[in-house]
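See below for the structure under consideration.
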Amino acid sequence: MKIILEDNLFYISMISTVLISLLVAARFLLGRRIHRVFFSLAWMIVLVRLLLPLCVSVSVGYPEILDRVNGWIRSVPTGRYFLIWAGGAAVSVTFFVVRYVMWGRILREALPIQKVPDIDEEMFTFMGIRVYVSDRIASPVTYGIFQQKVLLPKYYMELTREQLKFILIHEKVHIDGHDNLNKCLVILAVCIHWFNPFAWMMYVCCNRDLELACDEKVIRQVGEDSREDYAGVLISLAQGRPAAKPIYSGFAQNAVKERIVMIMGYRRVRVWNYILCVVLALFSLVVFAVPVKTEEVAELTPQNKHLISTPKREEKEENLEAVEVFKVIDEDSIGTKAEVVVKTKEKVPLRIKILFRKELAATNGSFISFQTKGKEWEAGIDDEYDGTVTIPEAVRYKGKIYPVKGIGNYTFYKCRKLRKVVIPNTVEEIKDRAFESCESLKTLRMPENLELVETNPFVGCRSLKSFLAPEGTRMKGQYQVKKGVLYTDYGRFLKVFPQGKKMKKFVLEEGVCQIAVCGFYGAQVEEVHLPESMLRVKSRAFQNCQNLRVVRAHRETVFSGDSLAGAWRARILRYD
């Protein structure tokens, strides 16, 4: 499993709808059998899903229909509707804020409670809560979020000691459970997902279940023998109740009939209730899960191009082919890193940086020379070398093996005669300008565990005609190679078009949403067709494409101001 950041609000909302629907169905079918405390906890899981933009990738196999549904959800161009969403969210926030302010003014007029004849003053203080009286309410209510207080209606002196006890215990349970804060978070989720009717359904059901869960806790405190008395108080105070208020917890304000039925039918929690609770909690984790293909699934197809791939397999040190250190350049005094030189399979010296605390190594071409004369940046190898370089899988230093997981900045900087680079599958990152101006490099096979490619590290590779996928044509991370072009975001983001790939016309397939910075840098292509799904063409995307004449794009595709920098012949033609 792997935690990933999910920035598609529509996807989060739709996947949360699955659990909301299941909870509403379970509430309708099993509401009298499952205690509402369990439902209130389940609603909190949904709430976290709606507010937290995180997902957990899970390796599973699943039907093609789910694959297509997942792809459709992720292909929705949410960026186009941002202003509509922002307007709806602003209206929703304004609605709830105005209601809060209006009722807040009324409730702030409440006065501290006076002594009641025949009722001990300790009843109002033993729970550690502040009690006030208001002539603007018809039933007790808990007001506030952090500094909460209980408000009683003006006829509180007519209540018996037993009735006041039930009321105060009920409101105390609301305070201890931070129900008003939970209601605020529910309102926040509704304002963010205002376009989803299931979010409003959650708002209604969650508020009801918080009240029902509170009633259950009260019964457990006062005893099942007091159920009838408690229900009687609830019925008497429900007469002439005020309009529902969004962020306050009241004694007799929500679904009185449903609450009475639950109170009178209350039974102690059975073991199978706990079992159902565990099953519900485990199943609810589906709202955080993103399904990915298992290792046994064949190569990616157009139908499953939007899927998140399988988690990366951990390489075992004993299976890595490690090389010995040939020379130590420097090792810092605190023992965090070391600069060393190793010899590749071709006996070429290659500079390596070892990070002891992260237990990994990286090709280190980012060496800054502080000499008065000489290069400011130096390549990680001899820049006059003519031939092949095989980057080692690991480095053995002081008896320990460090896998090579990165190709650093400027590693092969201006190695103009370098013809081939063999990258091991241990490599996860390729840094900015790692292969800049490698003019003789024609093809490059990508490692299967690739996780990060910075801004076009292949600028100036004018002979580079194609990227190659790893053996089996599959990559384990978000990167893909299709027709020699490197994509990221599981095929939706064109990362690098090989500079030496000569084409008269290049047509991007539907589903590609963005072109990266310097994505087509120096490309030898005359015409580019962008699909309707293309949302954005980033800065310098077509920089120095001197042969480029036409870029055909949908009228809603957004181009950065300098996306055609240096492509002086190019023009953009829009289509509907």
Side-chain angles (χ1 to χ4, degrees), residues 344 350-353 360-368 375-383 385 388-392 404-470 475 477-482 484-489 493-501 514-524 538-545 563 565-566:
T344 68
L350 175 66
R351 189 159 59 246
I352 295 283
K353 177 189 290 182
L360 58 86
T363 60
N364 181 27
S366 304
F367 180 81
I368 301 178
K375 300 177 182 177
E376 179 182 2
W377 296 94
E378 294 183 354
I381 66 169
D382 179 7
D383 57 12
Y385 175 71
T388 299
V389 169
T390 301
I391 299 174
V404 176
K405 294 195 174 183
I407 301 178
N409 307 81
Y410 297 87
T411 296
F412 301 102
Y413 179 60
K414 290 187 177 180
C415 295
R416 304 182 190 277
K417 300 179 181 180
L418 184 64
R419 299 183 181 276
K420 183 178 180 181
V421 178
V422 179
I423 304 175
N425 286 330
T426 55
V427 170
E428 298 175 356
E429 298 184 6
I430 300 178
K431 296 291 188 179
D432 183 30
R433 311 185 80 170
F435 293 89
E436 183 169 336
S437 298
C438 291
E439 297 178 353
S440 300
L441 194 63
K442 295 184 177 180
T443 60
L444 194 64
R445 187 176 297 278
M446 294 289 99
E448 64 181 22
N449 290 323
L450 188 62
E451 292 186 352
L452 174 65
V453 176
E454 293 190 351
T455 303
N456 200 341
F458 312 98
V459 168
C461 296
R462 60 186 185 184
S463 298
L464 184 61
K465 296 181 179 180
S466 176
F467 293 101
L468 302 177
M475 301 178 73
Q478 61 177 325
Y479 286 88
Q480 296 180 9
V481 175
K482 294 187 288 188
V485 181
L486 184 63
Y487 293 82
T488 185
D489 196 20
F493 196 161
L494 188 147
K495 186 64 179 178
V496 182
F497 184 93
Q499 189 171 338
K501 189 180 183 72
Q514 293 192 63
I515 298 177
V517 176
C518 296
F520 279 87
Y521 181 92
Q524 301 180 47
K538 292 194 172 183
S539 174
R540 297 176 287 129
F542 294 95
Q543 185 174 0
N544 292 345
C545 295
S563 58

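All figures in this text were calculated on a predicted structure; none of them were measured in a lab. Position 1 is the first residue of the sequence, and the numbers go up from there.
Residues G484 and S466 come closest through the heavy atom pair CA-OG, 3.4 Å. Closest non-hydrogen pair, P447 versus N425, comes out as CA-OD1, 3.6 Å. Summarising the geometry of N456 relative to C518, their closest heavy-atom pair is ND2-O, 2.7 Å, with the distance given to 0.1 Å. For Y413 against A379, the heavy-atom pair with the smallest separation is O-CB, 3.6 Å. Between L350 and P392, the shortest heavy-atom distance links the atoms CD2-CD, 4.0 Å. Residues L418 and F412 share a closest heavy-atom pair of CD2-CD2, 3.7 Å.
One finds the CD atom of Q514 at 8.0 Å from the CG atom of D489 (value rounded to the nearest 0.5 Å). Taking OG from S437 and CZ from R462, the interatomic distance works out to 9.0 Å, rounded to the nearest 0.5 Å. T488 OG1 to M475 CE: the interatomic distance, rounded to the nearest 0.5 Å, is 9.0 Å. Note that the CG atom of L450 and the CG atom of L452 stand 7.5 Å from one another [nearest 0.5 Å]. To the nearest 0.5 Å, the span separating CD on E429 from CD on E451 amounts to 7.5 Å. Remark: T455 OG1 to K538 NZ distance equals 9.0 Å, nearest 0.5 Å.
In this structure, C438 and C461 have side chains that are in contact, with non-hydrogen atoms separated by less than 4.5 Å. Residues F542 and I515 are in side-chain contact: their nearest non-hydrogen atoms beyond the backbone lie under 4.5 Å apart. Side-chain contact check for F458 versus K495: every heavy-atom pair is 4.5 Å or farther apart. Between I423 and I407, some side-chain heavy-atom pair lies under the 4.5 Å cut-off.
Not a single donor-acceptor pair under 3.5 Å links the side chain of Y479 to the backbone N or O of M446. No donor-acceptor pair under 3.5 Å is formed between the side chain of D432 and the backbone N or O of N409. When atom types are taken as modelled, the side chain of E436 and the backbone of G460 share no donor-acceptor pair closer than 3.5 angstrom. Formation of a donor-acceptor pair under 3.5 Å by the R351 side chain with backbone atoms of T363 is not found in this model. Between the side chain of T426 and the backbone N or O of V404 there is at least one donor-acceptor pair closer than 3.5 Å.
Summarising the local packing, CZ of R416 is surrounded by more than 12 heavy atoms from other residues, nucleotides or ligands at distances under 6.0 Å. With a 6.0 Å radius and a threshold of 12 heavy atoms from other residues, nucleotides or ligands, K414 has its NZ atom at or below the threshold. Remark: K465 NZ is loosely packed, at most 12 non-hydrogen atoms of other residues, nucleotides or ligands lying under 6.0 Å away. Few gaps surround CZ on R445; more than 12 heavy atoms of other groups in view lie less than 6.0 Å from it.
Residues that satisfy the salt bridge (Lys or Arg N to Asp or Glu O under 4.0 Å) test with K417, not counting sequence neighbours, are E384.
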Step by step, work out the side-chain contact (heavy atoms from CB on, under 4.5 Å) result for L468 and V481.
CA-CA 7 Å; L468 302 177; V481 175; 5.9 Å; no

For the pair Q499 and Y521, evaluate side-chain contact (heavy atoms from CB on, under 4.5 Å) and give the outcome as yes or no after the intermediate values.
CA-CA 7 Å; Q499 189 171 338; Y521 181 92; 3.8 Å; yes

Between F435 and L444, is a side-chain contact (heavy atoms from CB on, under 4.5 Å) present by the stated rule, with each step listed?
CA-CA 11 Å; F435 293 89; L444 194 64; 4.1 Å; yes

Show your reasoning for whether side-chain contact (heavy atoms from CB on, under 4.5 Å) applies to Y487 and K482.
CA-CA 7 Å; Y487 293 82; K482 294 187 288 188; 3.7 Å; yes

